[in-house]
Amino acid sequence: MNELLFQTETKQNALIAITSTLLHEQDSLSEPIRKTGLLVSFIPLSEALKWLAVHNEQPTYQSGKQVQITVQDHVLYSLGVVESTALLTGSASISNVLFNNERTALHFRINEAETAYTNAVKETAIAGGLLIIGLSVVSLFLVHWLTQRLHNPLNRITALSREFACGNYKKITDDFHYQEFKDIAQSLNSMAETIDIQITSLQLEKVRAEHSEQVKSQFLANMSHEIRTPMNGIVGFLQLLKKSQLNSEQADFVRQINNCSDVLLTVINDILDFSKIEANKIELDTRECNLIALCQDLIVLFKPSCDAKGIACQLNINQLKAVNVECDEIRVKQVLINLLSNAIKFTKEGEITLSINVIDKDAHTTTVEFTVTDTGIGIAEDKLTVLFNPFVQAQSNIMREYGGTGLGLAISKGLVDLMGGEITLKSELGEGTTFTIMVSFKTHSHVLSKAKTSQLDTAITVDFSSIKTPLLVAEDNPINQIVITKYLSQLGLSYELAENGQIACDKASMNNYALILMDIQMPVMDGLTASKTLLKQEGFNTPIIAVSANAMREDIEKSMEIGIHDHIAKPIDFTELERALAKWLFQSI
């Protein structure tokens, strides 16, 4: 036990008594250690505190700090002075000490002025603030530095990528600091070079393709002219021959020849139509049309062929009286004629049915479904997916047995696609075929008469005997001269011939003609140049009708741009020629 022995009258000379138990080790298992006595050491209290202050580094000598030992309300010992009233106090105590013959507690206390800590906190806060400001400045500098090294190169690469996306393939010339950016720049440069090479190659291929397309178009135009010119003679003489006195056998021969010429013309037209569809050169000529009347006309057209084969030809209009729309009537007819021709061609017995049904209709759009069904030979399943491809036929022996170019369905699909519609088919070998066309046309509110719809398909009868002024026929081909002049003579019209465009210009400038039939391709001066020259003359008002083997749309448009009044394609259909003559000679049709 540690005890404090204290003399009341001499506080500053107080002693600390430190007791320690004396132990004796002995050879005994039951009591190996025995207490033998008590060692008491007396140390002056002032010396003990000084020793503690020195060895614990307590700055007892500093101002503003005080070390005290108290017992009850008595200060036994004190070092240092604290003048401030605001104190920070730390204390510890030892219990069980003897004071004035009483056991009590001994308190050790350290008093320190609060201002010392407040100043230390202020100094620490200021130092911390300065440190934060310094770190912020350093951070901003580092951010700016990293931006220069990272962000700016990334922005440059991003901008170049956008330029690449816009088709501007610039080479990156920036010298980046980091190897990763250098690798990206090198990759982009390589990509730009590759794309540039590919673009150059594609541009060359485009030029070649356009040149090839031009050559192809020119070739087709030339072939059309070269084929149609002799065909004009064949068809023309056949039409003249049909009007002559023939016995039954001769009439049958003429009919067979005429059928062969029609087949040949169909092949020529298919090739030209397919080429125009392939080159996206077909434009729809939209006008008013009654689809019911159109279908009725087609049934009338094909009924003789069906009767000759002993098969029925039916029209199913689903109780519709009229379906008035705006469409390209000629192209709709062409599609349905292709499908009906195939149906008749491949059907030996049974029936052919053309159906029309309105699927949906409002004030703006009328959706129509055409269906052509036959009971013919059908189509194998493996051919269904490729049948709309050009030059494809269902079987290898089809061309030998039935003829055809294999372009009809390809042309039909191209035209239906151009109309914004869809064509599908269902077939089973030996059970027949069904073609379905779904097209949305612009709704037409006015009622169209059947007579108006089929006007172009009906022949006209006009008396030309009242026309006393001769016609001028500009034609260089002797065969075509004979064909045209013979027919004009049959109509009771007089004429004069011009072997080329220059002669036609000279004659038309000096003489008065009721109408000029102008061939387009002629020596010395072509028909377009001759027409252009005449139409520029003051007071010239003679109608000019182009008669040309150049029957493609662009040829017709070129004629109309010059001011030519009408255009008739070779081989000449005498009904069409007669209608054109009546229109421009009498201005009545």
Side-chain angles (χ1 to χ4, degrees), residues 217-218 220-222 224-226 228-229 231-232 236 269 272 276 281-283 285 287 330 456 460 462 464 467 469-477 480-481 483-485 487-488 491 493 495-589:
S217 298
Q218 187 61 44
L220 288 172
N222 293 339
S224 172
H225 181 271
E226 295 301 320
R228 287 177 182 273
T229 297
M231 282 296 297
N232 182 61
N269 291 332
L272 292 176
K276 287 187 284 186
K281 289 186 177 181
I282 284 187
E283 295 180 4
D285 184 14
R287 62 183 65 186
I330 294 176
L456 295 177
I460 63 173
V462 179
F464 292 97
I467 306 297
T469 307
L471 278 63
L472 179 62
V473 179
E475 173 64 63
D476 65 305
N477 186 283
N480 291 337
Q481 289 177 355
V483 171
I484 296 175
T485 56
Y487 188 69
L488 292 178
L491 294 176
L493 293 168
Y495 58 86
E496 290 185 14
L497 283 172
E499 289 77 14
N500 57 61
Q502 184 61 60
I503 297 175
C505 283
D506 295 340
K507 285 191 173 185
S509 299
M510 295 183 296
N511 304 309
N512 184 31
Y513 295 102
L515 183 142
I516 300 175
L517 295 175
M518 182 76 73
D519 187 25
I520 297 301
Q521 289 195 9
M522 292 184 293
V524 183
M525 180 184 290
D526 62 80
L528 292 178
T529 305
S531 300
K532 196 172 183 180
T533 303
L534 290 172
L535 291 168
K536 284 183 178 180
Q537 294 179 4
E538 186 176 354
F540 182 85
N541 56 6
T542 304
I544 300 176
I545 299 177
V547 182
S548 174
N550 296 334
M552 300 181 77
R553 185 183 184 88
E554 52 267 30
D555 300 317
I556 299 174
E557 290 175 350
K558 194 179 297 183
S559 299
M560 298 306 175
E561 287 173 3
I562 292 174
I564 294 176
H565 299 77
D566 212 333
H567 192 287
I568 297 176
K570 293 179 180 178
I572 298 172
D573 184 330
F574 285 167
T575 301
E576 184 180 355
L577 176 60
E578 188 173 345
R579 185 179 295 110
L581 291 174
K583 176 180 179 181
W584 296 107
L585 289 174
F586 297 102
Q587 300 290 313
S588 60
I589 296 180

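This one's a predicted model, so the numbers in the text were calculated from it and none came from an experiment.
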Inset, instruction - Hey, could you give me the CD1/CG distance between I503 and L497, rounded to the nearest 0.5 Å? - result: 10.0 Å
Inset, instruction - Using a 4.5 Å cut-off on heavy atoms from C-beta on, say whether the side chain of L472 contacts that of K507. - result: yes
Legend entry - Where M518 and L534 come nearest, the two heavy atoms and their spacing: CE-CD1, 4.3 Å
Inset, instruction - May I ask you to check whether over 12 heavy atoms, not counting those of K532, lie within 6.0 Å of atom NZ? - result: no
Legend entry - For S559 against A546, the heavy-atom pair lying closest together: OG-CB, 4.3 Å
Legend entry - Minimal non-hydrogen separation, I467 against A514, with atom names: CG2-CB, 4.1 Å
Legend entry - Whether Q521 side chain and D526 backbone form a donor-acceptor pair below 3.5 Å: no
Inset, instruction - For residues G501 and M522, report the shortest heavy-atom separation together with the two atoms involved. - result: N-CE, 3.5 Å
Inset, instruction - Kindly say whether T529 contributes a backbone atom to a donor-acceptor pair with the side chain of T533 at under 3.5 angstrom? - result: yes
Inset, instruction - Determine whether the side chains of Q537 and S509 contain a donor N or O and an acceptor N or O closer than 3.5 Å. - result: yes
Inset, instruction - For K570 and D519, indicate whether the former's side chain and the latter's backbone hold a donor-acceptor pair under 3.5 Å. - result: no
Legend entry - Residue pair N512 / T469: nearest heavy atoms and the distance that separates them: O-CG2, 3.4 Å
Legend entry - Interatomic spacing from CD1 in I544 to CD1 in I516 - rounded to 0.5 Å: 4.5 Å
Inset, instruction - Kindly compute the distance separating CD (E578) from NZ (K583), expressed to the nearest 0.5 Å. - result: 15.0 Å
Legend entry - Residue pair I568 / I572: nearest heavy atoms and the distance that separates them: CG2-CG2, 4.3 Å
Inset, instruction - Enter the distance from F586:CZ to F464:CZ here, rounded to the nearest 0.5 Å. - result: 6.0 Å
Inset, instruction - Would you mind reporting whether L471 and Y513 have side-chain heavy atoms less than 4.5 Å apart? - result: no
Inset, instruction - Report yes if some heavy atom in the side chain of L488 is under 4.5 Å from a heavy atom in the side chain of V473; otherwise report no. - result: yes
Inset, instruction - Give, for atom CG of N477 and atom CD of E499, the distance between the pair rounded to the nearest 0.5 Å. - result: 12.0 Å
Inset, instruction - Please report the C-alpha distance between I545 and I564 in whole Å, then the side-chain angles of each, then the deciding distance to 0.1 Å, and finally whether the side chain to side chain contact (heavy atoms under 4.5 Å, CB included) criterion is met. - result: CA-CA 6 Å; I545 299 177; I564 294 176; 5.9 Å; no
Legend entry - Inter-residue atom distance E475.CD - Y495.OH, 0.5 Å rounding: 13.5 Å
Legend entry - Modelled atom types, side-chain donor and acceptor of D506 and Q502, under 3.5 Å: yes
Inset, instruction - Evaluate the side-chain proximity of H565 to M560: yes if any heavy-atom separation is below 4.5 Å, no if none is. - result: no
